[in-house]
Amino acid sequence: QRATIPTVPSTVVAMGNNLVISLPRASAQFVHDLSYGFGSETGVIATDAATSATWNVPLELASLIPTEKSGECVITCATKYNGVVIETETLPITLTVPEDERTKPIVGMAIAPELAIFARDSAATFIQNKTRVVATFEATAQYTTIKEYTLSVGGVSSASVEPVITSEIIGTSGKKQVVGRVTDARGYYTEVSYEIDVIPYAEPRLIAHTGDSAVICERCDNTGTPNSSGLYLLIRAARAYSPIIVDGVQNNFCEIRYRWKMADADSFGDWNTLLATDSPVDEINAVVGGDFLQTMSYVVEIGVIDSFDAVGGVPEFYIPTDKP
C-alpha cells in the first residue's frame with residue numbers, strides 16, 4: 001500500500017471546530033495534499049503535510065445547507081513522492097451545524113400595547129380584557145433564513161412569518177411572561193422575554209344599594225316615600241367598576257344613568273345622569289321626575305357606562321299606572 005489512508009478521531013465533526021487528520025504514511029519521504037468537498041464548495045486543508053494536519057472546519061459551510069443540520073463532506077488525501085502525486089484516497093465524514101450563539105438567530109424584540117387606551121397614558125400599560133401585546137422583532141439569521149416568529153403572552157401563543165405580531169387580548173390580570181421566539185429554516189431558535197404587569201379590568205356593573213337586595217325603581221312622592229300614585233321615581237342603586245390607575249392617576253370612570261319611555265312607545269328618550277363620573281361616592285338614592293303621570297305606565301332603564309364605553313347590564317323596570 002503506497003497511498004496514505006487518512007484517519008480521524010470521529011467521522012462526525014461540528015463546523016467551527018478543529019479536526020486532526022492523521023496520515024499514517026508508508027514512507028518518511030511521502031507528503032500529502034489534503035482538500036475537501038462539501039456540496040458545491042471545495043477547498044484546501046493542507047499541502048505537503050507529513051504525518052498529520054489540523055483542519056479548522058469553516059463555520060461558513062453552514063450556509064450551504066441552510067435547511068439542514070448536517071451534511072456529508074469528502075476529504076481527499078493525495079500522497080506525493082518527490083512532488084508527484086502517486087495515489088489518492090478519500091475519507092467521507094459528516095459535518096454538523098452547531099446549535100449555539102454562532103448559528104442561532106440574533107434577536108431583538110420591542111413590545112407595546114396595541115393602542116394607547118388613554119391620551120395621557122404614554123407608558124406601556126396593559127389592561128385585562130382590553131389590551132393586546134404588539135411585538136416588533138429585529139432578527140438576523142446566521143447561515144440560513146428566518147422561518148417563523150412566535151409571540152407567547154402568559155402561555156398563549158401566536159405565530160407569523162412577519163416580524164410584527166399582535167397577541168390575543170390578554171384575558172387575565174397580574175404578572176405575565178412575554179416570550180418572543182425567532183426560528184430559522186434549520187429549526188434553531190432564539191428566545192427573548194419580558195415581564196409585564198396586567199392591570200385588572202372588568203366591565204362595569206349596576207348593583208344594589210347598601211341594605212337592598214336589588215336595584216330599586218318605583219313611584220314615589222317628592223320626599224322619596226314610595227307611593228303608587230306618585231309623580232316621581234325613587235331610584236336606589238350602586239355602581240361597581242374597575243379603576244385603572246397609572247402612575248398614581250385614575251383613568252377609568254363610571255356613570256350611573258337612566259332613561260324612560262311610555263309603555264306603548266317605540267323608543268326610549270335620551271340618557272340622564274344619576275351619578276356623575278366624578279362623584280366621590282358609588283351609590284345613588286335619588287328622587288327624579290315629577291312628571292310621571294298617574295294615568296300612564298312607563299318603562300325605565302338604569303345602566304352604567306365607563307370610560308371604555310363599556311355598558312353594564314341595563315335592567316328594565318315597569319312603572320304601572322295607578323288608574324284602571
Side-chain angles (χ1 to χ4, degrees), residues 1-109 137-150 159 161-163 180-192:
Q1 171 69 44
R2 300 204 312 160
T4 300
I5 300 175
T7 63
V8 290
S10 172
T11 57
V12 179
V13 184
M15 298 173 187
N17 289 356
N18 287 333
L19 174 64
V20 176
I21 304 170
S22 296
L23 302 168
R25 59 188 179 177
S27 168
Q29 296 178 328
F30 290 172
V31 293
H32 312 87
D33 290 345
L34 296 171
S35 60
Y36 70 89
F38 184 75
S40 61
E41 183 86 6
T42 60
V44 175
I45 296 174
T47 56
D48 294 333
T51 58
S52 69
T54 299
W55 181 31
N56 181 251
V57 183
L59 187 60
E60 294 76 12
L61 293 176
S63 63
L64 299 176
I65 50 170
T67 63
E68 304 296 332
K69 297 180 180 180
S70 65
E72 185 173 295
C73 175
V74 176
I75 295 175
T76 299
C77 174
T79 303
K80 296 191 300 183
Y81 175 69
N82 288 334
V84 178
V85 175
I86 59 174
E87 205 166 337
T88 62
E89 290 285 347
T90 59
L91 173 66
I93 64 172
T94 299
L95 298 184
T96 63
V97 182
E99 187 176 4
D100 57 29
E101 68 282 352
R102 297 172 298 170
T103 57
K104 296 195 295 185
I106 300 170
V107 179
M109 180 181 74
F137 293 88
E138 289 189 4
T140 303
Q142 303 193 86
Y143 310 112
T144 182
T145 57
I146 292 172
K147 179 181 179 181
E148 184 179 67
Y149 302 87
T150 305
V161 296
E162 300 297 331
R181 173 185 288 191
V182 178
T183 304
D184 66 22
R186 191 175 285 116
Y188 296 169
Y189 64 85
T190 300
E191 290 185 342
V192 293

Practice item. Step by step, work out the side-chain contact (heavy atoms from CB on, under 4.5 Å) result for E41 and Y36. Key: CA-CA 8 Å; E41 183 86 6; Y36 70 89; 3.8 Å; yes
Practice item. Take V85 and T79 through the test side-chain contact (heavy atoms from CB on, under 4.5 Å) and record every step on the way to the result. Key: CA-CA 6 Å; V85 175; T79 303; over 6 Å; no
Exercise for review: Given side-chain contact (heavy atoms from CB on, under 4.5 Å), test F137 with V182 step by step and report yes or no.
Suggested key: CA-CA 8 Å; F137 293 88; V182 178; 3.7 Å; yes
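Environment of CD in E99: crowded, with over 12 heavy atoms of neighbouring residues, nucleotides or ligands closer than 6.0 Å.
If you take OH on Y149 and CD on E162, they are separated by 8.0 Å, rounding to the nearest 0.5 Å. Here the straight-line distance linking atom CD of E191 with atom OG1 of T183 works out to 8.0 Å at 0.5 Å rounding. Taken to the nearest 0.5 Å, the CG atom of L19 stands 5.5 Å off from the CD1 atom of I93. From F38, atom CZ reaches atom CD1 of I75 across 12.0 Å, with rounding to the nearest 0.5 Å. A distance of 12.5 Å separates CD1 in I65 from OH in Y143, rounded to the nearest 0.5 Å.
Considering every non-hydrogen atom in both A26 and R2, the closest pair reads CB-O, 4.4 Å. The two residues P24 and T4 make their nearest non-hydrogen contact at N-CG2, 3.7 Å. Among all heavy-atom pairs drawn from L34 and A53, the shortest one is CD1-CB, 3.6 Å. Residue P6 comes nearest to E89 through the heavy atom pair CD-CB, 4.2 Å, listed as atom of the first residue, atom of the second, then distance. When all heavy atoms are compared, the tightest approach of T96 to S70 is CG2-CB, 3.9 Å. Between P105 and T190 the shortest heavy-atom distance is O-OG1, 2.6 Å.
L59 is listed as a side-chain neighbour of T103, based on a closest heavy-atom distance under 4.5 Å. Within the 4.5 Å cutoff, side-chain heavy atoms of I21 are placed close to those of I45. Looking only at side-chain heavy atoms (C-beta outward), S63 and T144 stay at 4.5 Å or farther from each other. In this structure the side chain of R186 reaches within 4.5 angstrom of the side chain of V97, judged on heavy atoms. With a 4.5 Å cut-off on side-chain heavy atoms, L91 and V74 do not count as touching. Put simply, the side chain of P98 reaches to within 4.5 Å of the side chain of M15, judged on heavy atoms. When side chains are defined from C-beta on, H32 counts as touching R25, because their heavy atoms get closer than 4.5 Å. Annotation: side chain of V57 is in contact with side chain of L95 (closest heavy-atom distance under 4.5 Å).
Although no hydrogens or angles enter the test, the distance criterion places a donor-acceptor pair under 3.5 Å between the side chain of Q142 and the main chain of K104. Between the side chain of S52 and the backbone N or O of S22, no donor-acceptor pair lies under 3.5 Å.
Under the side chain to side chain contact (heavy atoms under 4.5 Å, CB included) rule, C77 has a single partner from T90, T88, L23, which is L23.
The salt bridge (charged side-chain N to carboxylate O under 4.0 Å, His left out) test applied to E60 returns no partner, not counting sequence neighbours. Legend: residues meeting side chain to side chain donor-acceptor pair (under 3.5 Å) with N17, ordered by chain and number and at least two apart, are absent.
Taking the six-membered ring where tryptophan is involved, the planes of F30 and Y81 are perpendicular, since the angle between them exceeds 60° and thus also 30°.
Salt bridge present: K80 and D48 bring a charged side-chain N and a carboxylate O closer than 4.0 Å.
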